[in-house]
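All remarks here apply to the structure that follows.
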Amino acid sequence: MVAAGRAAGGGSGRAEGRGARREPAPGGAAARRPRSGACARRARHAPSPRRQRGWRDAHARPVSPRPPPAGLAMHRLAPALLARLGRRRLWAPVPRRGAAAASGEEELFVFPEYEPEPSGAAAAVAVTAAAAPRRERAPGRERPVVATGRPDPSVPPSGVSCSGCGAELQCRDGAAPGFVPAEKYRSLSDGPAGAGGLRGAVCQRCWLLAHHGRVLRLQLPPEQHRGVVSAALRRPPRHGRGPLLLYLLDVLELPDPVLPQLPELLGPDVPVAGLLVAGNKVDLLPADSPGHLGRLRRQVVAACAEAGLRGAPLVDVRLVSAKTGFGLEGLVSRLQRSWRCTGDVYLLGATNSGKSTLFNALLRSDYCKSRAPDIVDRATVSHWPGTTLNLLKFPIINPTCDRIFRRQERLREEATKTEDQLSSEEKMYLNHLKKQGYFVGRVGRTFQQPKSSLVIDFDPDMLSYSIDKDPRHSPKKHEEREEFTYNEVKDARWCFDTPGIVKENCVLNLLTEKEVKLVLPTQAIVPRTFILKPGMVLFLAALGRVDYLEGEKPAWFSVVASNLLPVHISILSKADAIYEKHAGQELLKVPMGGEERMKEFPPLVPQDITLKGIGTTEAVADIKLSSAGWVAVTAHTEEKLLLRAYTPKGTTLVVRKPPLLPYISTIRGARIAGTAAYRTKKPPSLVENLKTTERR
């Protein structure tokens, strides 16, 4: 009936409201043509115009006599509409019926349901920002963050290190490490403590990273980080014994590019007593089969053997997650049982391997002195490579027999608890960690310093004032910073966090700040599996590409990369045109910035790869596209595949055999009709040191 009314009224039916009355057609009823046949039968059974008007009037919305302006109405409706859209379950790969690949249609596969959920405050800010009018910015590369505040070249360096990155605090040069604006520098150093008032302060770079998530770029050569590490390792042995090196290895980066450089970095003149290798970020990878952690550990051991690290210097190999706490209690027990407190410990590793995150986790564990968490500040952690610029340290606790016994009692007691027996705060924090990783651990503290009760100095005379005089404000008292006593540190052993060794030929060195945040995975990686025929192409953003050139049967390609990076499927004849048109745009997403950004971005360089399948459930190899991720290839038994992989010029492409997760293609859902993709599946998380409740 509504459609008939609109057709009769012409174009005015769409503009009218539900309760509006339509004007009769010219000529009235006499001008209408007589109806016959089916039209006449439908007209006899149709409701009368009076009943139609009554139905419209009953269902019509009341019209305000003074409607608000259109802009104000949309401003009021914007938060509700955005909230409704946020509750919907979006599905980015739009299924196209039919042979999409054969017809040449492109398919984009990003799964927003596995993106990190914004907090309540972040969602409110997003709604407000979306409702407010935006000023469009011309496409191009993001503007670099520059130092703010005035420098003062006349002020000498302070001799005090930044508590976040370890650089020496100064106000002489805004482009140098450790810069603090001259006004802030004077306000902290002009007190009675002098330069000691800067203790606990952070430089402007750490402040921007911690509070705004922005990177203040510094012009530092890669050799400077290596020089700081080399000078620290060549210090004379303290307490008659060399240090223990705790090398942190990113399992996503296997084979690690810095691990083969360790023998050269150590050298014969470095008095190292032992080396312990810890594979980090295991929480980001799903369990593709039972016992996959043992298989990961064996691959890390094999990587150490290929790098020439075997025999007496290699103490142990562990798998941990510095972010979720998985394996950290075992790492602390291993250090206290074998190394005890006989020497210092140095955290080594490449950039973005998680050294600062591990440093902060050990600072809140049983490995440091009981008062250290209240005195030593946490290291600055960010996505940007090379955040730590100098040495950071905390004192190691002496693991006496009594302390080890008390610690073991606490661990045994916690292992008998179930998730239902935890407090509400512990449950909330545990659920937060489960969203971030597949493997979660609970890091506790046995030796805690009792906190003194807060004493409020109340002066009632300060509240009384005369009518003729303004109220007086009490001067702000200078709070003394808590420090270690002489007896606590005179014979202490220290755990040092060192600057990360810069990885050469890495794609992260070519990206901007926003692009690095999209490429580096911070949440549990959800694998995306596709079945491709010969002549099809897979794009991983604009950072990598895999062409299936020759083969008799379809093969499975499983992408293991950040959930924020898009995967694009096309055909070989259109691949070059798609890259030329969409590189730097929203379709391929990274790099971002349009044509201007792509003019300075290096082109993709091909490399031919020949593989032979070993089964439909086991991958034959991983094609590692630098640090952007990898593609696991699964093919039929004895099936020969000719592939061509692309990475940006100057970056490293690695064919990893055996693959890191050989059964990754089995973690998938049903096939999406009309596409080359399978629905994704996210395995559940596992909590360490917690008793599982058996369900019937």
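The two residues Val507 and Leu511 have their closest heavy-atom pair at O-CG, 3.4 Å. When all heavy atoms are compared, the tightest approach of Trp630 to Lys624 is CB-CA, 3.6 Å. When every heavy atom of Met592 is checked against every heavy atom of Leu518, the shortest pair comes out as CE-CD1, 3.4 Å. In this structure, Ala632 and Ala619 approach most closely via the heavy-atom pair CB-CB, 4.2 Å. Shown here for Arg545 and Asp576, the closest heavy-atom pair between the two residues is NH1-OD1, 3.0 Å. The two atoms that bring Lys355 and Ala350 nearest to each other are NZ-O, 3.2 Å, heavy atoms only.
A donor-acceptor pair under 3.5 Å is formed between the side chain of Asn563 and the backbone N or O of Ala524. Thr651 contributes no side-chain N or O that, together with a main-chain N or O of Cys506, makes up a donor-acceptor pair within less than 3.5 Å. Arg656 contributes a side-chain N or O that, together with a main-chain N or O of Leu254, makes up a donor-acceptor pair within less than 3.5 Å. Checking side-chain atoms of Arg205 against main-chain N and O of Phe179 turns up no donor-acceptor pair under 3.5 Å. Side-chain N or O atoms of Tyr185 include none that pairs as donor or acceptor with a backbone N or O of Pro151 at under 3.5 Å. Although no hydrogens or angles enter the test, the distance criterion places a donor-acceptor pair under 3.5 Å between the side chain of Glu515 and the main chain of Thr512. Judged by distance alone, with hydrogens and angles left aside, the side-chain atoms of Thr324 form no donor-acceptor pair with the main-chain N or O of Lys434 at under 3.5 Å.
Each of Leu391, Leu248, Leu358 was evaluated against Leu347; a single residue qualifies, Leu358, per the side chain to side chain contact (heavy atoms under 4.5 Å, CB included) test. If you run side-chain hydrogen bond (donor to acceptor under 3.5 Å, both in side chains) between Glu253 and each of Ser626, Ser627, Ser353, only Ser627 comes through.
Between Arg644 and Asp547, no side-chain nitrogen of the basic residue sits less than 4.0 Å from a carboxylate oxygen of the acidic one, so the salt-bridge criterion is not met. Salt bridge absent: Glu595 and Lys581 never bring a charged side-chain N and a carboxylate O closer than 4.0 Å.
Looking at heavy atoms from C-beta onward, Leu392 lies out of side-chain contact with Phe496 at the 4.5 angstrom threshold. In this structure, Tyr678 and Trp556 have side chains that are in contact, with non-hydrogen atoms separated by less than 4.5 Å. Between Thr647 and Leu604, the closest side-chain pair of non-hydrogen atoms is not below 4.5 Å. The closest side-chain heavy-atom distance from Pro527 to Ile664 is below 4.5 Å. Between Val180 and Gln170, every side-chain heavy-atom pair lies at or beyond the 4.5 Å cut-off. The shortest side-chain heavy-atom distance between Tyr438 and Leu285 does not fall under the 4.5 Å cut-off. Contact annotation: the side chain of Val537 never approaches that of His568 to less than 4.5 Å [non-hydrogen atoms, C-beta and beyond]. When side chains are defined from C-beta on, Val526 does not count as touching Lys681, because their heavy atoms never get closer than 4.5 Å.
Annotation: the span from Leu276 atom CG to Leu245 atom CG amounts to 10.0 Å, rounded to 0.5 Å. Atom CG of residue Leu319 and atom CD of residue Gln299 lie 10.5 Å apart, to the nearest 0.5 angstrom. To the nearest 0.5 angstrom, Thr522 atom OG1 is 9.5 Å from Lys281 atom NZ. Rounded to the nearest 0.5 angstrom, Ser685 OG and Phe439 CZ are separated by 8.5 Å. Atom-to-atom distance recorded for Cys171:SG and Gln204:CD is 12.0 Å, nearest 0.5 angstrom. Distance CG/Asn360 to CZ/Arg364: 7.0 Å, rounded to 0.5 Å.
Checking Asp497 against Tyr346 by side-chain atom types alone, no donor-acceptor pair falls below 3.5 Å. Side-chain atoms of Ser558 and Thr529 include a donor-acceptor pair closer than 3.5 Å. No hydrogens or angles considered: nothing links the side chains of Ser321 and Asn280 as a donor-acceptor pair under 3.5 Å.
When the salt bridge (Lys or Arg N to Asp or Glu O under 4.0 Å) test is applied to Glu329, the partners found at least two apart in sequence or on another chain are Arg407, Arg410. Judged as a ring-ring contact (aromatic ring centres under 6.0 Å, His included), and not counting sequence neighbours, the contacts of Phe394 are Phe359.
Atom OH of Tyr663 has 12 or fewer neighbouring heavy atoms from other residues, nucleotides or ligands inside a 6.0 Å radius. Enclosure of atom CD in Glu504 is not indicated, since only 12 or fewer non-hydrogen atoms of other residues, nucleotides or ligands lie within 6.0 angstrom.
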Subject >> Stepwise side-chain contact (heavy atoms from CB on, under 4.5 Å) check, Leu540 with Val631 >> reply: CA-CA 9 Å; Leu540 179 59; Val631 180; 5.6 Å; no
Original post:
When you look at Val332 and Leu362, which way does the side-chain contact (heavy atoms from CB on, under 4.5 Å) test go after all the steps?
Top reply: CA-CA 8 Å; Val332 171; Leu362 293 178; 3.9 Å; yes
Subject >> Check against side-chain contact (heavy atoms from CB on, under 4.5 Å), Glu183 and Arg150 >> reply: CA-CA 8 Å; Glu183 299 82 2; Arg150 296 180 180 179; 3.9 Å; yes
Subject >> CA sep, side-chain torsions, deciding dist, call: Phe557, Phe530, ring-ring contact (aromatic ring centres under 6.0 Å, His included) >> reply: CA-CA 5 Å; Phe557 294 77; Phe530 307 86; 9.0 Å; no
Original post:
How far apart are the C-alpha atoms of Arg295 and Asp288, what are their side-chain angles, what is the distance that settles it, and do they pass the salt bridge (charged side-chain N to carboxylate O under 4.0 Å, His left out) test?
Top reply: CA-CA 11 Å; Arg295 186 177 65 246; Asp288 61 334; 2.6 Å; yes
**OP:** May I have the step-by-step check of side-chain contact (heavy atoms from CB on, under 4.5 Å) for Asp283 and Val440, ending in yes or no?
**Re:** CA-CA 7 Å; Asp283 60 301; Val440 179; over 6 Å; no
